[in-house]
Number of protein chains: 2
Amino acid sequence: MKFLSEKNPDSLRTFEIINEGLSKKSVIVIMACCSVTYEGRARSKLGSGDRMIIIKSDGSFMVHQDRNLEPVNWQPPKSQCKASLKDGVMYLEGSRRNPPERLEVEIKSTYMASYFNGEDSKGLELTGYEENMREMVFDNPKIIEEGFRPINREYSTPNGFIDILGKDIEGNLVVLELKSRRAGINAVKQLKKYMDCFSDHKEFVRGILVAPSVTDDASELLEEYKLEYISMVPPREFGTDKNLTLDFFGGSK
Amino acid sequence: MKFLSEKNPDSLRTFEIINEGLSKKSVIVIMACCSVTYEGRARSKLGSGDRMIIIKSDGSFMVHQDRNLEPVNWQPPKSQCKASLKDGVMYLEGSRRNPPERLEVEIKSTYMASYFNGEDSKGLELTGYEENMREMVFDNPKIIEEGFRPINREYSTPNGFIDILGKDIEGNLVVLELKSRRAGINAVKQLKKYMDCFSDHKEFVRGILVAPSVTDDASELLEEYKLEYISMVPPREFGTDKNLTLDFFGGSK
DNA sequence: CACTAGATCTCGTGT
DNA sequence: ACACGAGGTCTAGTG
């Protein structure tokens, strides 16, 4: 990995390092005393203090304080970053057109300025949420109940997409609402909204909330709406490489 | 600001630097080739690559790739961080009990290891819909009360910026604190802080909290501090608030 | 481009 | 501690 890191550079040197980093499409990390203003989707001011400034090669721009996961100010990927020097003071600016917004950092003094050109081709493999639950239900419908048959996933209604639409052993329509986490009243309200789409349906339609657990409020609301609940924890298995599997077997199953 | 930064430390030295940083409650920044596993609310694997690892003094723990604002893996504030050395290989672990989860980073090689103890007391002042309220008050001051005259917006005091400073019909100074949402005790405390800036002022100064509603606690505190309250709903621009638009067209039916 | 919905959402705030 | 709502949400995926 190629990188450069300097301690206590003056304004001019900070300016040079940042410009080198920008031109090399590096990840730039600066520890500095700075103040920040933002104007765009909202407006904010942040007085002077010691912070970490990060500029990534995709244009992501963050200012981090010493607390919280989230940056106190930021600019999303693809924003335009540029450094400038006015009367010996360093300014860093991140901006974009749509929506129009601008982040400006005034750097009072720099403790460390550095940039890095690393190698990272790896993507994250994640499991344990709604998508995996959907797959599990389709692969093994009887975990919902004996005789359950899924028909559509992402079934479109005027009130949004139903996670899974199916039929039970008696042929009744069943609306499944999946949640990978403890479900609150909003999940029940959402399910109810889908149910309303079938209000003029001749036959009986069942609505089932599928989640690891529900809040007390949600439980009461389920009863009030005459909806059902099934406890299910999202599966945590990593799939074997899907692309490979599909290519290899060609979908012959 | 006190800090330490070293280039290309070996495993042992990286281990020492991280432990120093942890014991000093510093912000730790490491550039390293590493792999990551996570298990908890979900489960994930990330193969080897060059990344930035950040540990903040509140226990926030992040692994950043060279793209996107968000970390590829993380652990929230208050999680327990510890470093360990097994067979000459560095491991960094962040974990917490509730919910139970664990993030482990295996560090293959370190390009830079550093920690920082900065000073930062400043909080962010955000002004979004409040800006619209300010405009509304300036455009039409009598919605505050008959004879109200706004003088300054963003009036600077040692305790922060006063939203609107004005005078009433009798010439008394009036401090307005605007909140776009239901105001809690913090809003009242903030207003009180501004009022304190005028404690040696000869004449009477009024403080008014302007918000759509207040919590009961806030209402009590207002009384205790002899502050006033005016109910005002922030104007929302057409197109920015979809619900309003939908209500407008769909609600009349 | 816009639009949708999920997220290890995070973060504040109220109960 | 838990539940709920908002966010400059972000991010991936689809039309």
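OP1 or OP2 of C:dA7 sits under 4.0 Å from a side-chain N or O of A:Ser180. For D:dA12, the OP1/OP2 oxygens have a side-chain nitrogen or oxygen of B:Asn68 closer than 4.0 Å. A sub-4.0 Å separation between OP1 or OP2 of D:dG5 and a side-chain N or O of A:Asn186 is present. The shortest distance between the side-chain N/O atoms of A:Arg41 and the OP1/OP2 oxygens of D:dA6 is not below 4.0 Å. Neither OP1 nor OP2 of D:dT9 sits under 4.0 Å from any side-chain N or O of A:Trp74. Distances shorter than 4.0 Å separate none of the side-chain N or O atoms of B:Arg181 from OP1 or OP2 on C:dG12. Listed pair A:Thr215 / D:dC4 meets the phosphate criterion, a side-chain N or O lying under 4.0 Å from OP1 or OP2.
For B:Asn98, the listed nucleotide lying nearest its side chain is D:dC2; candidates were D:dC2, D:dC10, C:dT8. The side chain of A:Lys179 lies closest to C:dG6, out of C:dT8, C:dG6, D:dG8. For A:Glu130, the listed nucleotide lying nearest its side chain is C:dA7; candidates were D:dG8, C:dT8, C:dA7. Of the listed nucleotides (C:dG6, D:dC4, C:dT8), C:dT8 has the atom at the smallest distance from the side chain of B:Asn73.
Distance B:Asp58 CG to C:dC11 C1': 12 Å, rounded to the nearest Å. Distance CG (A:Asp163) to P (D:dG13): 17 Å, rounded to an integer number of Å. In this structure, CD of A:Glu154 is placed 14 Å from C1' of C:dC3, rounded to the nearest angstrom. In this structure, A:Glu70 places its CD atom 8 Å from C1' of C:dC9, rounding to the nearest Å. Residue B:Gln65 contributes atom CD, which lies 18 Å from atom P of D:dC10 at whole-angstrom precision. Between A:Glu125 atom CD and D:dA12 atom C1' there is a gap of 17 Å when expressed in whole angstrom units. In this structure, NZ of A:Lys189 is placed 12 Å from C1' of D:dA3, rounded to the nearest angstrom. Atom CG in A:Leu126 sits roughly 16 Å away from atom C1' in D:dG13 (whole-Å rounding).
Residue-level contact check: B:Gln75 touches neither bases nor backbone, having no heavy atom under 4.0 Å from any strand. Residue B:Pro77 is classed as a sugar-phosphate contact, given heavy-atom separations below 4.0 Å to backbone atoms only. Within 4.0 Å of B:Leu103, counting heavy atoms only, lies no atom of the nucleic acid at all. Counting any heavy atom pair closer than 4.0 Å across all strands shown, B:Glu101 reaches a base atom. Within the 4.0 angstrom heavy-atom criterion, no nucleotide atom of any strand lies near A:Gly40. Among the protein residues, A:Arg182 comes within range of the sugar-phosphate backbone only, with heavy atoms under 4.0 Å from sugar or phosphate atoms but none that close to a base. Residue A:Gly160 is classed as a sugar-phosphate contact, given heavy-atom separations below 4.0 Å to backbone atoms only.
Nucleotides of DNA chain D nearest to A:Tyr38 and A:Asp216 differ in position, and the one nearer the 5' end is that of A:Asp216. Each of A:Ile185 and A:Pro76 has a nearest nucleotide on DNA chain D; the 5'-most of these lies closest to A:Ile185. The residue among A:Leu69 and A:Phe161 whose nearest nucleotide of DNA chain C is located toward the 5' end is A:Phe161.
A side-chain donor-acceptor contact under 3.5 Å links B:Ser60 and B:Asp58. Looking only at atom types and distance, the side chain of B:Ser35 has a donor-acceptor partner in the side chain of B:Lys108 under 3.5 Å away. Between A:Thr127 and B:Arg43, the side chains place no donor N or O within less than 3.5 Å of an acceptor N or O (distance only, hydrogens not considered).
Comparing the same atom, C1', in D:dT11 and in D:dG7 gives a spacing of 14 Å after rounding to whole Å.
Ring planes of A:Phe198 and A:Tyr155: parallel class, angle under 30° (limits at 30 and 60°).
Between B:Arg41 and B:Glu101, at least one side-chain nitrogen of the basic residue sits less than 4.0 Å from a carboxylate oxygen of the acidic one, meeting the salt-bridge criterion. Between B:Asp163 and B:Arg134 there is a salt bridge, since a side-chain N of the basic residue sits under 4.0 Å from a carboxylate O of the acidic one.
Under a cut-off of 6.0 angstrom, the local environment of CD in B:Glu125 is crowded, with over 12 non-hydrogen atoms contributed by other residues, nucleotides or ligands.
Between the side-chain ring of A:Tyr129 and the base of C:dA7, no stacking contact exists by the 5.5 Å and 30° definition.
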